[in-house]
Amino acid sequence: MIFLAGYNPNLLLLALCSLAVLIPGIFLRRIKQPYIIAYIFAGILIGEHGFGIFTDKEFITQVGEFGLILLLFFIGMEISLPDLVTKWKTATLGVLIQVVGSGLMVWLLGLWLGWEMSRIIMLGFVISLSSSAVVIKLLQDSEEIQSPIGQDVLSILLMQDIIIVPMLIATNFLGGNVPSSHEMTLQIIGGVLIVLSMIWLFRKKELHLPYSQGIAADPELGVFIAFFVCFSFALVTGYFGLSAALGAFVGGIFVHAARSTGWIHDSLHSFRVVFVAVFFVSVGMLIDLHFLMENWKTVLLLLSLVFLSNHFLNSLILKIMGNDWKESLYGGALLAQIGELSFVLAAIGFSTHIIGDYGYQITIAVIALSLLISPFWIAATKNIIHRRKSQKTQNIQI
């Protein structure tokens, strides 16, 4: 069937969305800032709290989840499993320190405000998670993903993606929503299967995919095979009640072991750009400007506490992992924001009445703004470190 030319409101929507990204994107390129900020600003402008151009948040959130899955699949393709295994002990210890430290900070705040313990624990979980989407994108843009500090930060992010499962279970318990024995059994089986597959891959060292050379020479077929590998792993972990993004990450590690990263990366790169952009647009759509104006003091106070505490704790963790203080402070800045998986924890807390409507709106605002501010925080920390380093070099030369 041939469609006749005419007015289509969806085309206008796509044009306005693209324009909302382009205008701040051009400015950010001039000042050498990541496009993530442009995506979030676009979400603020076109969302129901902005000009109301697009109000179907559920749809755009679902599309954004595909972007997160593709992003972690790509990063998995750049991960060497033997290198990652060597860091798992320190990464586990680091994440535990982060969770306990965040919980203590929220506990002190909760004592002052009279919060119940269930709310304290849930909010402690929320602020202890960092954003894989933001950090990985920034590390890729700065070509630091293979650097020692980049690998340490990645190991912490991976451990956070794993620990989200017990956090979700605990949050449901705190809200009185106890998961069934069937759900818990599936999650345990899924976790065991992931561990066993990683052990098998670690021992095998390298995989050989059949017909890989022929597939690499066919870009059209390569797109669908790459999608199949990515979303199959995501589907399996999702079936077991684990993070679909974690499954995509594991799939990427298998692809790396098969030495097939080149043609898969080329096949999916454009799709990843679009889907990741949509994910951050969906984050911007959650920011209610009217609510922020009414509660800006509270939001600003909580944002300051989150960035300072997360920066300090993660810097300490990275120092324990063997980095010098400059690298540790930079890594702490990378991990200072609150992660996208915290939206899920906040939603469960709201649905189980651990937090009310006001608490949910505050939590969503702090998470979304931390993602927006994070690139500026990281750039400022990096500039301060480099400036002090150059000053010391000049002093030595004098």
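Phe41 places none of its side-chain heavy atoms less than 4.5 Å from the side chain of Ile23. Between Ser155 and Met321 the shortest side-chain heavy-atom distance falls below 4.5 Å. The shortest distance between side-chain heavy atoms of Ser130 and Ile156 does not fall below 4.5 Å. Inter-residue side-chain proximity for Tyr39 and Leu372 is flagged as unmet; no heavy-atom pair is nearer than 4.5 Å. Residues Leu335 and Leu313 form no side-chain contact, since every pair of their non-hydrogen atoms from C-beta on lies 4.5 Å or further apart. Proximity of Phe307 to Trp377: side-chain heavy atoms (C-beta onward) are separated by under 4.5 Å at one or more points. Contact check for Ile149 versus Glu144: no side-chain heavy atoms found under the 4.5 Å cut-off. Between Val281 and Ile46, the closest side-chain pair of non-hydrogen atoms falls below 4.5 Å.
Within the model, atoms CD1 of Ile136 and CG of Leu334 stand 11.0 Å from one another, a figure rounded to the nearest 0.5 Å. Atom CD1 in Ile194 sits 10.0 Å away from atom CD1 in Ile253 (nearest 0.5 Å). With rounding to the nearest 0.5 Å, the separation of CG in Leu345 from CG in Leu123 is 10.0 Å. To the nearest 0.5 Å, atom CD of residue Glu294 and atom CG of residue Asp288 are 8.5 Å apart. Atoms CG and CG, from Leu292 and Leu369 in turn, are 5.5 Å apart once rounded to the nearest 0.5 Å. Atoms CD1 and CD, on Ile364 and Gln361 in that order, are 7.5 Å from each other to the nearest 0.5 Å.
In terms of heavy atoms, Ser128 sits closest to Gln160 at O-NE2, 3.4 Å. Across all non-hydrogen atoms, the minimal contact from Val126 to Ile367 is CG1-CD1, 3.9 Å. What you find for Leu318 and Gly332 is that their closest heavy atoms are CD1-N, 3.6 Å. Taking all atoms of both residues into account, the shortest heavy-atom contact from Ser131 to Glu340 is OG-OE1, 2.5 Å. Contact detail for Leu138 and Pro375: the closest heavy-atom pair is CD1-CA, 4.3 Å. Contact record, Val299 with Ala365: CG2-CB, 4.5 Å, taken as the closest heavy-atom pair.
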What verdict does the side-chain contact (heavy atoms from CB on, under 4.5 Å) test give for His311 and Thr381, after you've listed the backbone C-alpha separation in whole Å, the side-chain angles of each residue and the deciding distance to 0.1 Å? CA-CA 10 Å; His311 196 159; Thr381 303; 3.6 Å; yes
side-chain contact (heavy atoms from CB on, under 4.5 Å) between Val135 and Ile378, worked out: CA-CA 10 Å; Val135 176; Ile378 293 166; 5.7 Å; no
Let's go through Phe291 and Ile362 carefully: what are the C-alpha distance in whole Å and the side-chain angles of both, what is the deciding distance for side-chain contact (heavy atoms from CB on, under 4.5 Å) to 0.1 Å, and is it a yes or a no? CA-CA 9 Å; Phe291 180 84; Ile362 285 286; 3.8 Å; yes
Start with the C-alpha distance between Thr352 and Leu174, add both sets of side-chain angles, then the distance that settles side-chain contact (heavy atoms from CB on, under 4.5 Å), and finish with yes or no. CA-CA 8 Å; Thr352 56; Leu174 292 170; over 6 Å; no
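Side-chain heavy atoms closer than 4.5 Å link hydrophobic residues (I, L, V, M, F, W, Y) into clusters, and following such links, possibly through other members, connects Tyr330 to Ile320. Side-chain heavy atoms closer than 4.5 Å link hydrophobic residues (I, L, V, M, F, W, Y) into clusters, and following such links, even through other members, never connects Trp200 to Val195. At a threshold of 4.5 Å between side-chain heavy atoms, the hydrophobic network of Ile, Leu, Val, Met, Phe, Trp and Tyr places Phe202 and Met198 in one connected group. A single hydrophobic cluster is not seen to contain both Leu196 and Leu186; linkage of ILVMFWY side chains at heavy-atom distances under 4.5 Å, directly or through other members, places them apart. The hydrophobic cluster containing Leu308 does not contain Leu300, counting ILVMFWY residues as joined when their side-chain heavy atoms lie under 4.5 angstrom apart, directly or transitively.
Sequence neighbours left out, the pairs with a member in residues 91-117 that pass side-chain hydrogen bond (donor to acceptor under 3.5 Å, both in side chains) are Gln98-Ser102, Gln98-Asn310, Gln98-Asn314.
Ring-plane geometry between Phe233 and Phe254 is classed as tilted, the angle between the planes lying from 30 to 60 degrees on a 0 to 90 degree scale.
By the neighbour-count criterion of 12 heavy atoms within 6.0 Å, atom CZ of Phe312 is sparsely surrounded, having that number or fewer from other residues, nucleotides or ligands. Surrounding CH2 of Trp325 are more than 12 heavy atoms belonging to other residues, nucleotides or ligands, all under 6.0 Å away.
Checked by atom type and distance alone, the side chain of Arg119 pairs as donor or acceptor with a backbone atom of Ile354 at under 3.5 Å. Checked by atom type and distance alone, the side chain of Thr237 pairs as donor or acceptor with a backbone atom of Ala234 at under 3.5 Å.
The only option from Leu93, Val99, Val100 that meets the side-chain contact (heavy atoms from CB on, under 4.5 Å) definition with Ile97 turns out to be Leu93.
Counted by atom type alone, Tyr358 and Asn295 present one or more donor-acceptor pairs between their side chains at under 3.5 Å. Under the 3.5 Å distance criterion, with hydrogens and angles disregarded, no donor-acceptor pair is assigned to the side chains of Ser370 and Gln337.
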